[in-house]
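Presented below is the structure to which this report refers.
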There are 2 protein chains.
Amino acid sequence: MYKKKIPIRTDCGLHVFKELLDGKWKLMLIYYISDGIKRPGALQKKISVDRRVMNKQLNELVQHGFVDKISFDSKIPKIEYMLTDLGTSLLPLIISLEQWGENNRAVLESAIEDKTERTANTPA
Amino acid sequence: MYKKKIPIRTDCGLHVFKELLDGKWKLMLIYYISDGIKRPGALQKKISVDRRVMNKQLNELVQHGFVDKISFDSKIPKIEYMLTDLGTSLLPLIISLEQWGENNRAVLESAIEDKTERTANTPA
DNA sequence: CCGTATCCGCCTTGATACTG
DNA sequence: CAGTATCAAGGCGGATACGG
């Protein structure tokens, strides 16, 4: 999302949430970490996201205090992520959003179809 | 948000939700409409958003079936928006997100400060 | 009062290549 | 295995101006 032209509205809870969690994969990352998938490689395989993008979002989550990053100083690099309490506090919300999405998948699918048709008609 | 390079994931409820409602003002619009603010002018005053942007998001909400648009055919233009059942089904989620944001406003605020400091140091 | 066409700025995501 | 630098593209939000 793009919204930096107008000052961030900390007065609105909705915007607080969006500012903090609007990355494309952030909620999924939190969810999967809570699910026990803690290592970068595994996360990446799970959601097939570009490494750079994933790291960026992960770093923001760390900076904002949603997850902790733990480096094991072994010979081969080993990293694990862990939810903080703040991150954990999001799980109920994530579940709710996820379920709403499951229940209304059809809406998105028909919206995509409409778009496709419209695109196809554009030249006319 | 920007995500059209990779096909939309209808398999993930989280993404269904995001695709449909990631506009900067959509959730707020739905909330305010549910709150009885139904006319474009009033909504615009309420959230101080650009007319074009608001209309775009409103139109998408209409297309996706979250709200209905009603035109009164009086001499002076008069429009009202109304939530559909689908739109209403989002209210509990919106409330939850809003409250989470209220409770964690401090997180965003300190995140903004960090950013400001970092920006200030950039030239060095 | 309402809507939309046009122009602009830039942030976000994504691909690739390289380093530790 | 993990992380980052660099490059590129595209969408979105915002401002303005005009038409109904």
Side-chain angles (χ1 to χ4, degrees), chain A residues 1-9 12 14-15 18-29 33 37-63 67 69-81 112 115 118-119 122, chain B residues 1-9 15 18-29 37-63 67 69-81 111-112 115 118-119 122:
Chain A
M1 196 172 318
Y2 168 42
K3 65 283 181 173
K4 299 301 160 49
K5 277 188 192 167
I6 276 179
I8 301 175
R9 307 181 50 148
C12 172
L14 249 22
H15 280 182
K18 290 192 107 164
E19 282 297 324
L20 259 13
L21 298 158
D22 79 34
K24 185 169 175 181
W25 309 99
K26 285 188 184 171
L27 294 179
M28 274 183 100
L29 286 170
I33 292 173
I37 306 178
K38 310 176 170 186
R39 305 199 42 192
L43 283 166
Q44 203 206 351
K45 250 193 284 188
K46 197 71 183 174
I47 63 184
S48 332
V49 62
D50 182 82
R51 199 50 163 265
R52 192 189 66 77
V53 173
M54 187 181 75
N55 281 329
K56 187 174 182 253
Q57 309 216 348
L58 240 16
N59 284 337
E60 285 176 18
L61 289 176
V62 171
Q63 274 176 40
V67 304
K69 179 176 185 173
I70 305 157
S71 309
F72 295 85
D73 211 26
S74 38
K75 320 233 168 181
I76 52 161
K78 180 175 175 183
I79 304 279
E80 281 195 2
Y81 289 95
I112 293 174
K115 253 192 184 170
R118 193 157 303 130
T119 305
T122 308
Chain B
M1 198 172 316
Y2 167 42
K3 64 286 186 169
K4 299 301 159 48
K5 276 188 191 167
I6 275 180
I8 300 177
R9 307 180 51 147
H15 280 183
K18 289 192 109 164
E19 281 297 324
L20 258 13
L21 298 158
D22 80 34
K24 185 168 175 180
W25 309 99
K26 285 187 183 171
L27 295 179
M28 274 183 100
L29 286 170
I37 306 179
K38 311 177 169 184
R39 304 198 44 191
L43 283 166
Q44 204 206 350
K45 250 193 284 188
K46 196 71 183 174
I47 63 185
S48 332
V49 62
D50 182 82
R51 200 48 165 269
R52 192 189 66 79
V53 172
M54 186 181 76
N55 281 329
K56 187 175 182 249
Q57 309 217 347
L58 240 17
N59 284 337
E60 285 177 19
L61 289 176
V62 171
Q63 274 177 39
V67 304
K69 179 176 186 173
I70 306 156
S71 309
F72 295 85
D73 211 27
S74 38
K75 322 234 167 178
I76 52 159
K78 180 176 175 183
I79 303 279
E80 282 193 2
Y81 288 97
I112 294 174
K115 254 191 183 170
R118 191 157 306 129
T119 305
T122 309

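Lettering follows sequence order; numbering is per chain, from 1.
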(request) Would you list the pairs meeting salt bridge (charged side-chain N to carboxylate O under 4.0 Å, His left out) in which at least one residue belongs to residues 42-61 of chain B, sequence neighbours left out? (result) B:Lys26-B:Glu60, B:Lys56-B:Glu60
(message) To the closest 0.5 Å, what do you measure between CD1 (A:Ile37) and CE (A:Met28)?
(response) 9.5 Å
(request) Using side chain to side chain contact (heavy atoms under 4.5 Å, CB included) as the criterion, list what pairs up with A:Ile79, not counting sequence neighbours. (result) A:Pro40, A:Lys69, A:Ser71, A:Tyr81
(request) Report the distance from atom CG of A:Leu20 to atom CD of A:Gln63, rounding to the nearest 0.5 Å. (result) 11.0 Å
(message) Below 4.0 angstrom, which residues in residues 38-49 of chain B have at least one non-hydrogen atom near DNA chain C?
(response) B:Arg39, B:Pro40, B:Gly41
(message) Distance check needed: C:dG3 C1' versus B:Leu61 CG, whole Å only.
(response) 16 Å
(request) Could you tell me whether A:Glu60 contacts a base, only the sugar-phosphate backbone, or nothing, with contacts defined as non-hydrogen atoms closer than 4.0 Å? (result) nothing
(message) Run A:Asp22 and B:Asp22 through side-chain contact (heavy atoms from CB on, under 4.5 Å) and show every step you take.
(response) CA-CA 8 Å; A:Asp22 79 34; B:Asp22 80 34; over 6 Å; no
(request) Select base, sugar-phosphate, or nothing to describe what B:Ile76 touches, counting heavy atoms under 4.0 Å on all strands. (result) nothing
(message) So, taking the atom named NE2 in A:His15 and the one named CD1 in A:Ile6, what distance separates them when rounded to the nearest 0.5 Å?
(response) 9.5 Å
(request) Assign a letter to each nucleotide of nucleotides 15-20 of chain C from its 5' end: B, base within under 4.0 Å of a protein heavy atom; S, sugar-phosphate only; -, no contact. (result) BB---B
(message) Do B:Lys24 and B:Val49 make a side-chain contact, defined as non-hydrogen atoms from C-beta onward lying under 4.5 Å apart?
(response) no
(request) Have a look at the helix from C:dC1-D:dG20 to C:dG20-D:dC1 and give the angle its two end axes make, five pairs each, rounded to 10 degrees. (result) 40°
(request) State which residues pass side-chain hydrogen bond (donor to acceptor under 3.5 Å, both in side chains) with A:Lys18; sequence neighbours excluded, sorted by chain then number. (result) none
(request) Could you check how far CG of A:Leu58 sits from P of D:dG3, rounded to whole Å? (result) 8 Å
(request) Could you tell me whether the side chain of B:Trp25 reaches within less than 4.5 Å of the side chain of B:Met54, counting heavy atoms only? (result) no
(request) Calculate the interatomic distance between A:Glu80 atom CD and D:dC1 atom C1'; express it in whole Å. (result) 13 Å
